[in-house]
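Have a look at the structure below, then the notes.
None of the values given here were measured: they were computed from a predicted structure. To find a chain, count down the sequence lines: A is the first, B the second, and so on, and within it residues start at 1. Side-chain atoms are counted along with the backbone in the values below, which use heavy atoms only and exclude waters and symmetry mates.
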Number of protein chains: 2
Amino acid sequence: MAGTAEQIMDIAEGLIRSRGYQGFAFREIASTVGIKSASVHYHFPTKGDLAQAVMDRHVAQFDTALAEIDQQGGSADKKLKAYIGLYRREIGKQKELPVCMMLSTDSEVLPEDVVKALQAYYKLNVKWLTDLVSSKHSKMDAKTAKRKASLIHAALNGAVLGVRSVNSKQYFEQVADEVLALL
Amino acid sequence: MAGTAEQIMDIAEGLIRSRGYQGFAFREIASTVGIKSASVHYHFPTKGDLAQAVMDRHVAQFDTALAEIDQQGGSADKKLKAYIGLYRREIGKQKELPVCMMLSTDSEVLPEDVVKALQAYYKLNVKWLTDLVSSKHSKMDAKTAKRKASLIHAALNGAVLGVRSVNSKQYFEQVADEVLALL
DNA sequence: GTCTATAAGATGATAGAC
DNA sequence: GTCTATCATCTTATAGAC
């Protein structure tokens with residue numbers, strides 16, 4: 001039995017991923033949890049606070065997942081496969097995008113702190129991928145490695161986005177296979 | 001002096017691109033045009049109708065642009081450069097995404113017809129790119145060409161999305177250069 | 001922690017006058 | 001085509017009781 005704050009974040013995360021920041025309301029979250037909207041405000045004073053909490057929790061989980069991949073070791077290809085697995089996991093429920101991707105499209109109506117967290121998250125991803133590329137191609141200069149990492153990152157994000165438009169997870173898998181060959 | 005309906009669509013398109021479907025209101029559009037919200041409803045009965053009109057107009061412009069690229073002829077690389085130019089043009093105003101990309105993330109709250117148009121638009125893009133890939137690699141089988149086309153499409157979409165998070169158009173240019181090398 | 005009650009404002013949409 | 005006026009509903013958020 002998860003705490004109320006946790007439940008609220010779970011539901012908010014799902015709604016953000018399917019409808020975006022502007023697509024959920026305190027009342028809806030409250031009724032799903034089985035409480036009143038005033039009680040949601042007790043845990044998260046403003047809507048921005050709730051979005052920030054959801055974002056922070058997700059980033060923390062993601063950091064842990066990346067650390068685990070690094071810890072398990074193995075080839076660069078194996079690590080990229082595991083990284084792609086993180087994306088695949090987020091597609092699980094169709095019609096949902098990863099939290100940070102959806103929030104990124106809502107950045108114009110988000111509190112400044114959330115936008116900053118979003119930018120930091122992006123940089124973290126590209127840096128991790130850049131290190132991965134460098135580890136496989138020891139003679140490649142840093143700039144080239146970063147460009148390749150950016151391509152991989154963009155392709156995976158685009159692949160996730162595409163699933164929504166083509167209505168099939170296969171699209172993601174096909175792009176993911178091509179991405180693996182890029183490394 | 002553009003007609004009122006045109007003006008409404010222009011403003012709606014800008015708002016959809018920066019804040020999404022749920023981020024604009026009839027009253028705001030009306031006050032920007034200099035009329036009242038009831039008059040906006042005269043031209044576009046419902047919010048969904050307005051979104052559909054904006055989407056249809058954009059798709060028509062895009063179709064024309066693709067036809068022009070085909071008409072001008074030249075190498076496959078030249079055509080891909082021109083195709084990438086269509087994306088670059090849409091980034092012009094920072095903090096804005098292409099209409100169809102933004103609407104795609106809002107698909108859960110969009111009228112069914114708009115979602116269908118979105119899916120058709122996606123298919124059109126991948127098909128055009130598939131033909132392009134096939135024209136350069138005459139011996140490549142159709143399936144492989146489509147996979148490569150999907151990769152290119154995903155990477156370009158991801159590149160546009162990334163501009164928002166990294167706050168620099170250079171990110172797009174770097175990925176675009178890598179994409180050119182993929183063909 | 002959760003509730004009731006309510007504020008204060010925005011929203012999509014319509015009726016009917018001009 | 002555009003207006004005024006209005007409806008019914010939803011929104012985030014707060015005050016104060018339990």
Side-chain angles (χ1 to χ4, degrees), chain A residues 1-55 57 102-103 105-115, chain B residues 1-57 99 102-103 105-115:
Chain A
M1 42 167 153
T4 307
E6 237 73 35
Q7 280 183 62
I8 293 170
M9 284 192 276
D10 289 344
I11 295 159
E13 186 171 322
L15 290 173
I16 289 171
R17 289 179 55 187
S18 63
R19 298 191 218 141
Y21 178 71
Q22 300 171 102
F24 77 90
F26 273 54
R27 270 182 175 72
E28 183 177 6
I29 293 174
S31 81
T32 307
V33 176
I35 56 179
K36 297 294 174 180
S37 74
S39 303
V40 179
H41 279 283
Y42 167 81
H43 294 281
F44 305 97
T46 71
K47 194 176 181 176
D49 291 329
L50 177 50
Q52 179 96 58
V54 168
M55 164 95 198
R57 188 181 66 162
M102 191 57 114
L103 285 178
T105 67
D106 287 327
S107 63
E108 288 293 287
V109 288
L110 247 35
E112 203 183 337
D113 285 348
V114 180
V115 176
Chain B
M1 42 166 153
T4 307
E6 237 72 36
Q7 280 184 61
I8 291 170
M9 283 192 275
D10 289 343
I11 294 160
E13 185 171 323
L15 289 173
I16 288 171
R17 291 179 55 187
S18 63
R19 297 189 219 143
Y21 178 71
Q22 301 170 103
F24 78 89
F26 274 55
R27 276 180 173 75
E28 182 178 6
I29 291 174
S31 80
T32 307
V33 175
I35 56 179
K36 297 294 173 181
S37 74
S39 304
V40 179
H41 279 284
Y42 168 79
H43 294 281
F44 305 96
T46 70
K47 196 177 180 178
D49 291 329
L50 178 48
Q52 180 96 57
V54 168
M55 164 97 198
D56 288 347
R57 187 180 66 162
V99 209
M102 190 58 113
L103 285 179
T105 67
D106 286 328
S107 63
E108 288 294 286
V109 288
L110 248 37
E112 202 182 338
D113 285 347
V114 180
V115 176

Original post:
Contact class for A:Tyr42 vs. all strands (heavy atom < 4.0 Å): base, sugar-phosphate, or nothing?
Top reply: base
Original post:
Taking the six-membered ring for Trp, are A:Tyr21 and A:Phe24 parallel (under 30°), tilted (30 to 60°) or perpendicular (over 60°)?
Top reply: perpendicular
Original post:
By side chain to side chain contact (heavy atoms under 4.5 Å, CB included), which residues pair with B:Ala5, not counting sequence neighbours?
Top reply: B:His43, B:Phe44
Subject >> Range on DNA chain D touched by chain B - first to last nucleotide, heavy-atom distance under 4.0 Å >> reply: D:dG1 to D:dT6
Original post:
Considering all heavy atoms of both residues, which atom of A:Gln7 and which atom of A:Ala2 are nearest to each other, and what is their separation?
Top reply: NE2-O, 3.4 Å
Subject >> Separation of atom CZ in A:Arg27 from atom P in C:dA10, rounded to whole Å >> reply: 17 Å
Result block: side-chain N/O donor-acceptor pairs under 3.5 angstrom for residues 31-42 of chain A, not counting sequence neighbours:
from    : atom 1 : to      : atom 2 : distance (Å)
A:Ser31 : OG     : A:Glu28 : O      : 3.2
A:Thr32 : OG1    : A:Glu28 : O      : 2.8
A:His41 : ND1    : A:Pro45 : O      : 2.8

Original post:
Which residues in residues 30-40 of chain B have at least one heavy atom lying under 4.0 Å from any atom of DNA chain C?
Top reply: B:Ala38
Subject >> Listed partners of A:Gln22 passing side chain to side chain contact (heavy atoms under 4.5 Å, CB included), at least two apart >> reply: A:Asp106, A:Val109, B:Gln22
Original post:
Do B:Thr105 and A:Met102 have side-chain heavy atoms sitting under 4.5 Å apart?
Top reply: yes
Original post:
B:Glu108: what forms a side chain to side chain contact (heavy atoms under 4.5 Å, CB included) with it, not counting sequence neighbours?
Top reply: A:Ser18, A:Arg19, A:Lys95, A:Arg164
Subject >> salt bridge (charged side-chain N to carboxylate O under 4.0 Å, His left out) partners of residues 6-18 of chain A, not counting sequence neighbours, each pair once >> reply: A:Asp10-A:Arg57, A:Glu13-A:Arg57, A:Arg17-A:Glu96
Subject >> By side-chain hydrogen bond (donor to acceptor under 3.5 Å, both in side chains) - contacts of B:Asp113 (at least two apart) >> reply: none
Subject >> By side chain to side chain contact (heavy atoms under 4.5 Å, CB included) - contacts of B:Ala12 (at least two apart) >> reply: B:Ile29, B:Leu50, B:Val54
Subject >> Neighbours of DNA chain D within residues 11-25 of chain A, by heavy-atom distance under 4.0 Å >> reply: A:Phe24, A:Ala25
Original post:
What closest approach, in Å, do A:Pro111 and A:Gly48 show between heavy atoms, and which atom pair accounts for it?
Top reply: CG-CA, 3.6 Å
**OP:** Using five pairs at either end of the helix from C:dG1-D:dC18 to C:dC18-D:dG1, determine the angle between the two local helix axes and round it to 10 degrees.
**Re:** 10°
**OP:** Grab the CG-C1' distance between B:Leu50 and C:dA13 for me, whole Å please.
**Re:** 14 Å
